[in-house]
2 protein chains.
Amino acid sequence: MVQSSPKDGKQRILEAAISLFSKRGFDAVGVREIAKEANVNISMISYYFEGKIGILKAIMNDFHDRYYQMIKNVMDDSLPLEECVGRIIRNLVTFIRTHTDLTMIVLHSLPLDIPEIVKLKANKISKLITELSGLFKRFGLDPDDKVLFSIVGPSLVSSILAHFRFKSVQKNVLNIDFDDEFYEKYTETLTTLFLNGLNGLAVKKPEIGRS
Amino acid sequence: MVQSSPKDGKQRILEAAISLFSKRGFDAVGVREIAKEANVNISMISYYFEGKIGILKAIMNDFHDRYYQMIKNVMDDSLPLEECVGRIIRNLVTFIRTHTDLTMIVLHSLPLDIPEIVKLKANKISKLITELSGLFKRFGLDPDDKVLFSIVGPSLVSSILAHFRFKSVQKNVLNIDFDDEFYEKYTETLTTLFLNGLNGLAVKKPEIGRS
DNA sequence: GTTTGGGTCAAACGATTGTTTGAATATATT
DNA sequence: AATATATTCAAACAATCGTTTGACCCAAAC
């Protein structure tokens, strides 16, 4: 099976789409541009993915496969709570740093006006909630407290996403080197921020909820 | 001067665009749809805004005028630090709750691949940084510590944005009522989270930086 | 009464959108 | 060698994109 490029067409389309969607958004990128970047004929997109939206679905599957595995690996109930949180944040940062484009597409700019996509997203999320609620309990917080859960749940990840979104802008304006050293401090700072924050919530909780 | 609709065409275009851009994104929305929603002829868009992208610029100006004024009003150095932070978060949540569509467009899904837009955004942001760095000092944190600043700065706002982004999804799945009561608890929880987090950073800081 | 100028309109501009077609080519199986 | 299967391709599909045109309406100014 001789190929016109090192990887097969399907994979090249996927990678080209990830890069383009991440930089310019799903709607702003045309299939011709994806095909050109992937060095395939336009019709191959419908051939492999049954349309442009099929690429997005494949991207979501790709992301969640990797993401869920990372989360599952990093959860360790035998570890002390603070160490466990530190580990989670460290792996989370490393993961997003490694798969920045993929993550930004799925966790930041996913189009929520396409029912097809929202439905798929809901399926993927439900598996992750189980893991998160376990961690919640260890802080003495009630995972069934929907309000608290809906506030605290997305805040860590969205903070990290915000950093990566404005990374290229900051690089030019603030002249920061985003090297290993930076991300070491980044991880430590974020861990301190959220560990103290969550402990603060755990202490205050009886005051708000039923004591 | 008789008008075909209560407000003038320019304002109606702006409001229609805010609603549509927020729900479906800048690139996914066509000028014909905006014109239809605003009940004006297509050509009025170029007439008033010099093109589709002109609407986005007007939206950015509209947002930042209101946003900057809110930030400026809420900053009060005479207040105790913790009370000041509480006030900021409360007003921030109220503001975003009131101007959800406007905020989501400008602070979440602004297209960063258009140099014209990025440039305008940079101008708007620089004014806000001054206000933020003053607050930083009050926590005993160094606003010239670019790394720390770039981590902590966007985390609060992005957490709130994440909530509003998935609000409609959560409403259906978790069956939460997003009423005044919810946002009272929301504000309190977020304040506790970040107040403890920032204090934790202030305490730990001498350990990381040069003592 | 004529001119001025802001607002409105249908119609058309060329360019681009995502998708499909049908033939051609290559690989694998029989 | 013949058949079946998978991949590739240029070309065309109808639909939509953002923008512009030139005539038209109408109230205010002269």
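Each chain gets a letter, A, B and so on, in the order the sequences are listed, and its residues count up from 1. Values reported hereafter were calculated over all heavy atoms of this structure, with side chains retained and with hydrogens, waters and symmetry mates removed. Bear in mind that the values here come from a model prediction, so they are computed numbers and not experimental data.
Straight-line distance from the CE atom of B:M44 to the P atom of D:dC24: 18 Å, rounded to whole Å. In this entry the distance linking CD of A:E33 with P of C:dA15 reads 18 Å, nearest Å. For the pair A:D8 CG and C:dA26 P, the computed distance is 19 Å after rounding to whole Å. Atom CG of B:L20 and atom P of D:dG18 are 12 Å apart (whole Å). The CD atom of A:Q11 sits 14 Å away from the P atom of D:dT7 (whole-angstrom rounding). C:dT17 atom C1' lies 11 Å from atom CG of A:D27, rounded to whole Å. Rounding to whole angstrom units, CZ of residue A:R24 and P of C:dT16 are separated by 13 Å. Rounded to whole Å, the distance from CZ on A:R12 to P on D:dT7 is 12 Å.
For residues 45-60 of chain B, proximity to DNA chain C is found at B:Y47, B:Y48, defined as any non-hydrogen atom under 4.0 angstrom from a strand atom.
Screening A:L135, A:L141, A:L193, A:L81 for a side-chain contact (heavy atoms from CB on, under 4.5 Å) with A:L198, the sole residue that qualifies is A:L141. Of the candidates B:R90, B:H163, B:R97, B:E188, B:Y183 forms a side-chain hydrogen bond (donor to acceptor under 3.5 Å, both in side chains) with just one, namely B:H163.
Relative ring orientation between A:Y186 and A:F164 is described as perpendicular, the plane-to-plane angle rising above 60° on a 0-90° scale split at 30° and 60°. Note: B:F95 and B:H99 have tilted aromatic rings, judged against thresholds of 30 and 60 degrees for the angle between ring planes.
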> Can A:D77 and A:K137 be said to form a salt bridge (charged side-chain N to carboxylate O under 4.0 Å, His left out), step by step?
Replying inline: CA-CA 11 Å; A:D77 291 350; A:K137 284 179 196 151; over 6 Å; no
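Here the shortest heavy-atom pairing between B:D76 and B:C84 reads O-SG, 4.0 Å. Taking each heavy atom of A:K185 and B:I151 in turn, the nearest pair found is O-CD1, 4.4 Å.
Residues meeting the ring pair (Phe, Tyr, Trp, His ring centres under 6.0 Å) test with B:H64, sequence neighbours left out: none.
In this structure, the side chains of B:S158 and A:F166 stay at 4.5 Å or more apart for every pair of heavy atoms.
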Between the protein and nucleotides 11-13 of chain D, which nitrogen or oxygen pairs come in under 3.5 angstrom?
none

